[in-house]
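Values in this document were obtained by computation on a predicted structure and should not be read as measured data.
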2 protein chains.
Amino acid sequence: MNLPPLVQSFVLHFGEMGSRWGINRTVGQIYALLYVSPQPLCADEIVEALGISRSNVSMSLRELQAWNLVLLKHLPDDRRDFFTTPDDVWQILRTLAEERKKREIDPTLSVLREILMQKPGNDDERFAQERMAEMHGLIERLTTWYDDVKQLDTDRLAMLLGLGSRITKLLEAKDRIVSIGRRKPAAREREE
Amino acid sequence: MNLPPLVQSFVLHFGEMGSRWGINRTVGQIYALLYVSPQPLCADEIVEALGISRSNVSMSLRELQAWNLVLLKHLPDDRRDFFTTPDDVWQILRTLAEERKKREIDPTLSVLREILMQKPGNDDERFAQERMAEMHGLIERLTTWYDDVKQLDTDRLAMLLGLGSRITKLLEAKDRIVSIGRRKPAAREREE
DNA sequence: CATTAATTTCAGAAATTTCTGAAAATTCTA
DNA sequence: TAGAATTTTCAGAAATTTCTGAAATTAATG
């Protein structure tokens, strides 16, 4: 590996974290490298920079494309493929959230739904099904919320995050806010 | 493996998803089994139910304890350890979020901070550092928000989620809400 | 304190994942 | 369409992770 020390630390860290993030070392390293590169890189430049085989680069880039984490670019009069990452970090965040949901949440949601359709054969199965219903309910709430939030444009999303601890005051005032939506005064849902 | 079909599907699914969630098959299966079991189970009951070795159960339970995902129980006049999961799914969610942050986010944040302290040697390094600063900034915003939200009690958290798409209207009305905190009318921050 | 019950440790076996080199396929150019 | 450039595929090698059985450790009991 032949990289400026500062970049090398970053790339190596992404490689090490790879397994915790559900990708492998090479995929992590390539992503990190592309992320901090001022220009798009072609496969051979990645081979050169990371000191790994050409075929590994090919497969790893394919994996990154499956995650929608890299962009394919073409330079005039050059038929090689060049790769970058999107440069808006908010966009990267959205993609990451979406892809992880697809891989880590959705399959479980669908298994749960399927099991919940079945009829329990005894008390233990009934109990198990109730537990699964609780899990299913929670995941549904979370994903519904996520589906709403991801519609927000970046400014609004930043605003939501920026709200920070003031979120509490906002929730205290929820009734009033909700009533704007309904155009009618709302009944208090919970008192302090 | 000798389990009611409905439980078996659930356990096998958690086993398969294990690798995507950063745990291994056995750990996933044991967690699933404990989650749907009406009573706490001891190690040998897990061995029996899942058909795996005693030592594997021991190591996997240790791993689950490191994640704070299981509780140790003792029955009177029985010196064996019995295990369950917390029964409040919201509590499970909090634990999961906390542990994943600790394993998947915090190390990166600290590496980024360290790299950002260094002095770039040339233009490429300067560019790389700027990119890392963007990433660092975003992660900081997200974790600050998370730190605030996790303080909320479950009712408030549920309320926040329940807000769903109305979050937009709420954000439109943000000025007014924030002004409650400041006890003064606020200037409009952005117009539509 | 010897015995028994329960749990943990750990070296190596088994399984899985990652990576490579060589060959095949694709795509452009003359 | 032959040839050159580039990318992809894939069988097996290498590395890593997971799992097991046997031995060691811990802790309670008589």
- Item | Range on DNA chain C touched by chain A - first to last nucleotide, heavy-atom distance under 4.0 Å | C:dT18 to C:dC28
- Task: Answer yes or no: is there a donor N or O on one side and an acceptor on the other, between the side chain of B:Arg20 and the main chain of A:Arg103, under 3.5 Å?
- Result: yes
- Nearest-Å distance for atom pair CZ/P, residues A:Arg79 and D:dG3: 16 Å
- Going by the angle between their ring planes, with limits at 30° and 60°, are B:Trp21 and B:His13 parallel, tilted or perpendicular? perpendicular
- Message: Under a 3.5 Å distance rule, please check whether A:Thr95 uses its side chain to pair with a backbone N or O of A:Gln91 as donor and acceptor.
- Response: yes
- Message: side-chain contact (heavy atoms from CB on, under 4.5 Å) for B:Leu142 and B:Ile105? Distances and angles first, verdict last.
- Response: CA-CA 10 Å; B:Leu142 290 169; B:Ile105 312 291; over 6 Å; no
- Using modelled atom types only, decide if a donor and an acceptor are shared between the side chain of A:Tyr146 and the backbone of A:Glu98 within a distance under 3.5 Å. yes
Contacts table for residues 80-89 of chain A: side-chain donor-acceptor under 3.5 angstrom, sequence neighbours left out:
| residue | atom | partner | partner atom | Å |
| --- | --- | --- | --- | --- |
| A:Arg80 | NE | A:Asp78 | OD1 | 3.1 |
| A:Arg80 | NE | A:Asp78 | OD2 | 3.4 |
| A:Arg80 | NH2 | A:Asp78 | OD2 | 2.8 |
| A:Asp81 | OD1 | A:His74 | NE2 | 2.7 |
| A:Thr85 | OG1 | B:Arg131 | NH2 | 3.3 |
| A:Asp88 | OD1 | A:Trp90 | N | 2.9 |

- Task: Would you mind telling me which residue lines up with the more 5' stretch of DNA chain C, A:Val27 or B:Phe83, judged by nearest nucleotide?
- Result: B:Phe83
- Take atom CG of B:Asp78 and atom C1' of D:dA27, then tell me their distance rounded to the nearest Å. 14 Å
- Scanning both residues in full, the closest heavy-atom pair of B:Val7 with A:Ala128 reads CG2-CB, 3.8 Å
- Item | Residues from residues 50-74 of chain B lying under 4.0 Å of DNA chain D - heavy atoms | B:Ile52, B:Ser53, B:Ser55, B:Asn56, B:Met59
- Task: Return the set of residues passing salt bridge (charged side-chain N to carboxylate O under 4.0 Å, His left out) with B:Glu140 (not counting sequence neighbours), or none when no residue passes.
- Result: B:Arg113
- Query: With sequence neighbours left out, what residues match A:Asp147 under salt bridge (charged side-chain N to carboxylate O under 4.0 Å, His left out)?
  - Reply: A:Lys150
- Would you confirm whether B:Gln65, through its side chain, and B:Leu72, through its main-chain N or O, come within 3.5 Å as a donor-acceptor pair? no
- Residue-level proximity of residues 7-25 of chain A to DNA chain D when a heavy atom falls under 4.0 Å: none
- Message: Once you apply a heavy-atom cut-off of 4.0 Å, does B:Asp44 come out as touching a base, just sugar-phosphate, or nothing?
- Response: nothing
